[in-house]
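Each remark here refers to the structure printed beneath this line.
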Amino acid sequence: KAGVTQTPRYLIKTRGQQVTLSCSPISGHRSVSWYQQTPGQGLQFLFEYFSETQRNKGNFPGRFSGRQFSNSRSEMNVSTLELGDSALYLCASSLWASEVGEQFFGPGTRLTVL
Amino acid sequence: KQEVTQIPAALSVPEGENLVLNCSFTDSAIYNLQWFRQDPGKGLTSLLLIQSSQREQTSGRLNASLDKSSGRSTLYIAASQPGDSATYLCAVRKTSGSRLTFGEGTQLTVNP
């Protein structure tokens, strides 16, 4: 069974630009969560989607947004990029949002903002 | 607000040694706790998931315990190998949703 896939794996952008990251969950998984990992803040929760609905949101500004499609694939968008947005963005999927929910992570997208 | 702490931040041991990694959390009302491994620049690999009603879980050379009342979990690694070198993260889930709160991790180096 294929794992969680994320594209692109690496991305370089400049301040003020916007970026879209993509995540394909494990087949059959309906819940997708996004996390930001930085050396200073560690792993922080961005948001969670289940059945195309945002179920939970972390403490990030409105520049960070996401969506989920009917096939459970999810995208995350960051607008007006800042230097501090440089991070590893990780996507995780789980079978359901309301049950046991062991989460499986993708390899991440490394975003560098210059 | 849930806070998760992992001690030590870094650990270096010789190959073959048994070792224990510690994780503590401030709010004992958790749904479950998950241990992950992260290799440099890579994503997270799930190692063990312990439900709040369980005391421990085992997978191969790994054993994780959970003491909810004291807000602690330990990850025991038996007969460590150089391939075990990685950062180990624990994360707690407060409700049945998918949001995880992570510790800062323990960077483990196993020397041949």
Side-chain angles (χ1 to χ4, degrees), chain A residues 3-7 9-10 23 25-26 29-51 53-60 68 72 74 87-112, chain B residues 1-10 23-27 30-54 57-59 62 64 66 73 75 86-107:
Chain A
V4 178
T5 58
Q6 292 187 246
T7 57
R9 293 293 312 281
Y10 302 91
C23 171
I26 292 171
H29 283 196
R30 295 174 60 188
S31 171
V32 174
S33 298
W34 289 88
Y35 293 83
Q36 181 197 64
Q37 186 176 33
T38 59
Q41 299 295 319
L43 271 151
Q44 293 191 297
F45 173 80
L46 280 155
F47 27 65
E48 170 203 345
Y49 286 88
F50 179 75
S51 292
T53 301
Q54 187 179 88
R55 293 275 294 245
N56 208 343
K57 190 176 190 304
N59 251 356
F60 279 81
Q68 186 180 35
S72 294
S74 177
L88 181 66
Y89 290 88
L90 293 163
C91 162
S93 77
S94 59
L95 192 56
W96 300 100
S98 60
E99 295 184 5
V100 169
E102 183 175 5
Q103 286 195 270
F104 298 89
F105 281 75
T109 294
R110 171 75 62 185
L111 172 64
T112 302
Chain B
K1 178 189 168 189
Q2 178 73 273
E3 292 183 4
V4 181
T5 304
Q6 291 187 246
I7 294 173
C23 171
S24 61
F25 44 94
T26 54
D27 185 350
I30 65 169
Y31 186 76
N32 57 34
L33 182 147
Q34 200 166 349
W35 281 94
F36 295 91
R37 166 191 173 133
Q38 186 175 32
D39 293 285
K42 303 289 179 63
L44 277 62
T45 300
S46 179
L47 298 173
L48 290 163
L49 171 71
I50 311 178
Q51 299 301 329
S52 61
S53 58
Q54 296 176 317
Q57 280 285 345
T58 298
S59 175
L62 305 179
L66 175 64
S73 176
L75 179 66
T87 296
Y88 290 80
L89 295 143
C90 76
V92 299
R93 181 180 288 109
K94 183 173 173 63
T95 66
S96 58
S98 294
R99 177 180 190 150
L100 290 170
T101 301
F102 283 86
E104 291 293 323
T106 294
Q107 186 174 356

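Since this is a predicted model, take the numbers as computed values, not measurements.
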**OP:** Run the numbers on L100(B) and Y35(A) for side chain to side chain contact (heavy atoms under 4.5 Å, CB included), then give the verdict.
**Re:** CA-CA 9 Å; L100(B) 290 170; Y35(A) 293 83; 3.4 Å; yes

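When atom types are taken as modelled, the side chain of E102(A) and the backbone of L49(B) share no donor-acceptor pair closer than 3.5 angstrom.
With a threshold of 4.5 angstrom between heavy atoms, Q37(A) approaches chain B through side-chain atoms but not through N, CA, C or O. Contacts between L90(A) and chain B at a heavy-atom distance below 4.5 Å involve the side chain alone, from C-beta outward.
Remark: S94(A) OG to R93(B) CZ distance equals 6.5 Å, nearest 0.5 Å.
Annotation: Q2(B), atom CD; neighbour count of heavy atoms from other residues, nucleotides and ligands within 6.0 Å is above 12.
In terms of heavy-atom proximity, Q103(A) sits nearest to F36(B) at O-CE2, 3.7 Å. The nearest pair of heavy atoms linking F105(A) to L44(B) is CB-O, 3.4 Å.
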